[in-house]
Amino acid sequence: MGKENTTASSLDDLIEKAGGCAVIDGGFATQLETHGASINDPLWSALYLIKQPHLVKRVHLEYLEAGADILVTSSYQATIPGFLSRGLSIEEAESLLEKSVTLAVEARDKFWDAVKKVPGHNYNRALVAASIGSYGAYLADGSEYSGNYGPGVDLEKLKDFHRRRLQVLVESGPDLLAFETIPNKLEAQALVELLEEENIQIPSWICFSSVDGENAPSGESFKECLDIINKSGKVNAVGINCAPPQFVENLICYFKELTKKAIVVYPNSGEVWDGRAKKWLPSKCLGDGKFESFATRWRDSGAKLIGGCCRTTPSTIQAVSKVLKERS
Ligand SMILES: C[S+](C)CC[C@H](N)C(=O)O
Ligand SMILES: N[C@@H](CCS)C(=O)O
Ligand SMILES: [Zn+2]
């Protein structure tokens, strides 16, 4: 059993208000691209915090309209060293991290102020989850799907990498933290230790990627990874993001054997990321209708937080939201 959980209430409340299963938004970067964004860049979607912040907010609003209960911010690949390497100062880098949260909070407040006046509306006041991409996301070499960080990367290096960004994001006032595409056990350990050392008081989830449907990308078992997370009272939910949807139902059942924490799943469309070419390889991907029927099964298997990741769009989330909340 983990330590007593002191941070859960806002997330638990939302899950309850949403009828037992809350809807996460879909691929932020994907919807940016729908609007013509070009993100073949080491900063990936975070480039638009610099280039077109109003587009970041527009994408958040589109996911709210689609029925998302949780917005994941644009900070997945936003890091202080990443911004420094573009010639920005530390102050500018930290202010961009803060902006990633305020843009989502502003979108949430704007949407909620309008919708709460509409009689009979079927929306919840959304929560803002600050995205914290893995070290592999920062490396921008696709290693969030291999877990291979090389011999020079140890626990302290990973904690150093994550610490200041985590502090700045938390100070910016999100409702929760979303650790995304964690590919190995070492990084899970680093995050658990950091949440404790920084005495983080807001809820968080830790999501792993998976390329074989059974293990973390590093080949380490999810049992080893979840044993570490189970010991933390600061992690409220654990799950899978940006893996093929075909893997998810089995992984929910497996995770339910491994943890008492809430289970969170937001897979991608099933396409595969080519880290070298920095593009999605055409492959068998699912339409929104298929995603919708999967979502019902994921809920019935016990997932409490369901959404989409890369290559899913507001129309995917609208379909998921409709089926999970029986919106007409
Ligand atoms: C979730 S992946 C598609 C994000 C982009 C990747 N870290 C890269 O920069 O290649
Ligand atoms: N939430 C991220 C993707 C994580 S794989 C984004 O779309 O920016
Ligand atoms: Zn993704």
Side-chain angles (χ1 to χ4, degrees), residues 24-35 37-53 55-57 59-60 62-63 68 70-79 81-82 85-86 96-97 100-101 103-104 128-149 161 169 174 176-183 187 205-211 217 239-245 247-248 264-281 283 285 291 305 307-314 316-317:
I24 306 171
D25 63 7
F28 168 76
T30 300
Q31 185 62 2
L32 272 185
E33 288 183 295
T34 302
H35 292 301
S38 170
I39 57 173
N40 188 332
D41 184 279
L43 293 177
W44 199 55
S45 56
L47 181 63
Y48 275 71
L49 282 167
I50 305 173
K51 267 183 99 170
Q52 283 188 49
L55 190 55
V56 171
K57 195 160 158 182
V59 168
H60 289 320
E62 288 168 338
Y63 277 118
I70 298 180
L71 289 179
V72 179
T73 64
S74 50
S75 45
Y76 176 75
Q77 213 148 306
T79 65
S85 71
R86 302 301 271 264
L96 287 170
L97 288 173
S100 69
V101 175
L103 287 167
V128 169
S131 169
I132 301 181
S134 56
Y135 180 67
Y138 156 70
L139 293 178
D141 61 358
S143 57
E144 65 264 67
Y145 301 110
S146 72
N148 185 2
Y149 290 170
F161 165 74
L169 288 172
L176 66 144
L177 299 172
F179 295 99
E180 302 192 272
T181 61
I182 303 305
E187 194 160 21
W205 73 57
I206 295 184
C207 278
F208 295 88
S209 41
S210 179
V211 289
I240 296 289
N241 81 290
C242 219
F247 294 166
V248 168
V264 44
V265 293
Y266 53 115
N268 59 31
S269 65
E271 288 157 273
V272 172
W273 179 248
D274 179 339
R276 212 175 267 185
K278 284 197 176 296
K279 61 176 194 191
W280 291 97
L281 298 174
S283 52
C285 74
F291 216 93
L305 297 150
C309 202
C310 295
R311 311 293 282 170
T312 70
T313 66
T316 320
I317 295 312

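Just follow the structure's listing: the first ligand is 1, and inside any ligand the first atom is 1.
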> Minimum heavy-atom separation for Ser38 to Leu47, with atom names?
Replying inline: O-CD2, 3.7 Å
>> Checking the side chain of Ser75 only, and the main-chain atoms of Ser131 only, is there a donor and an acceptor separated by less than 3.5 Å?
In response: yes
> So is there a nitrogen or oxygen of Gln77 less than 3.5 Å from a nitrogen or oxygen in ligand 1?
Replying inline: yes
> Under 3.5 Å, N or O to N or O, is Tyr145 touching ligand 1 that way?
Replying inline: no
> What are the protein N, O or S atoms, given as residue plus atom name, that sit under 2.8 Å from the Zn ion (ligand 3)?
Replying inline: Cys242 SG, Cys309 SG, Cys310 SG
Pairs under 3.5 angstrom, nitrogen or oxygen on both sides, ligand 2 versus protein: list them out, please.
residue: ligand 2; atom: 1 (N); partner: Glu180; partner atom: OE1; Å: 3.2
residue: ligand 2; atom: 1 (N); partner: Glu180; partner atom: OE2; Å: 3.4
residue: ligand 2; atom: 7 (O); partner: Phe28; partner atom: N; Å: 3.2
residue: ligand 2; atom: 7 (O); partner: Ala29; partner atom: N; Å: 2.9
residue: ligand 2; atom: 8 (O); partner: Ser45; partner atom: OG; Å: 2.9

> Is there any N or O on Trp44 that sits under 3.5 Å from an N or O of ligand 1?
Replying inline: no
> If you measure from the Lys or Arg side-chain nitrogens to the Asp or Glu carboxylate oxygens, is any gap between Asp41 and Arg86 under 4.0 Å?
Replying inline: yes
>> Would Lys278 count as being in polar contact with ligand 1, using the rule that some N or O on each side must be under 3.5 angstrom apart?
In response: yes
>> Looking at every non-hydrogen atom in both residues, tell me the closest pair between Leu32 and Tyr48 and how far apart they are.
In response: CD1-CB, 3.9 Å
> Which ligand 1 atoms does Trp280 reach within 4.0 Å, using its non-hydrogen atoms?
Replying inline: 3 (C)
>> Counting non-hydrogen protein atoms only, what is the nearest one to atom 3 (C) of ligand 1? Give residue, atom name and distance.
In response: Trp273 CD2, 3.3 Å
> Quick one: which ligand 1 atoms are inside 4.0 Å of a heavy atom on Glu144?
Replying inline: 1 (C), 2 (S), 4 (C), 6 (C), 7 (N)
> Short question: side chain of Asp274, backbone of Lys279 - any donor-acceptor pair under 3.5 Å?
Replying inline: no
> Regarding Glu144 and Ser209, is there a side-chain donor-to-acceptor distance under 3.5 Å anywhere?
Replying inline: no
> For the ring pair Phe28 and Tyr76, is the centre-to-centre distance below 6.0 Å?
Replying inline: no
> So, the side chain of Ser134 versus the backbone of Ile182: is there a donor-acceptor pair under 3.5 Å, distance only?
Replying inline: no
>> Any side-chain to backbone donor/acceptor pair from Gln77 onto Gly133? Under 3.5 Å, distance only.
In response: no
> Between Tyr149 and Gly136, is there a donor-acceptor pair closer than 3.5 Å when you use the side chain of the first and the backbone of the second?
Replying inline: yes
> So is Tyr138 in contact with ligand 1, going by heavy-atom distances below 4.0 Å?
Replying inline: no
> Looking at Tyr76, which atoms of ligand 1 are within less than 4.0 Å of one of its heavy atoms?
Replying inline: 1 (C), 4 (C)
> So, the side chain of Lys278 versus the backbone of Trp44: is there a donor-acceptor pair under 3.5 Å, distance only?
Replying inline: no
>> Whether the side chain of Thr312 engages the backbone of Gly27 through a donor-acceptor N/O pair (distance < 3.5 Å, no angle test) should be reported.
In response: yes
> Rounded to the nearest 0.5 Å, how far apart are CD of Glu33 and CG of Asn40?
Replying inline: 9.0 Å
>> I'd like to know if the side chain of Glu187 and the backbone of Tyr135 have a donor-acceptor N/O pair within less than 3.5 Å.
In response: yes
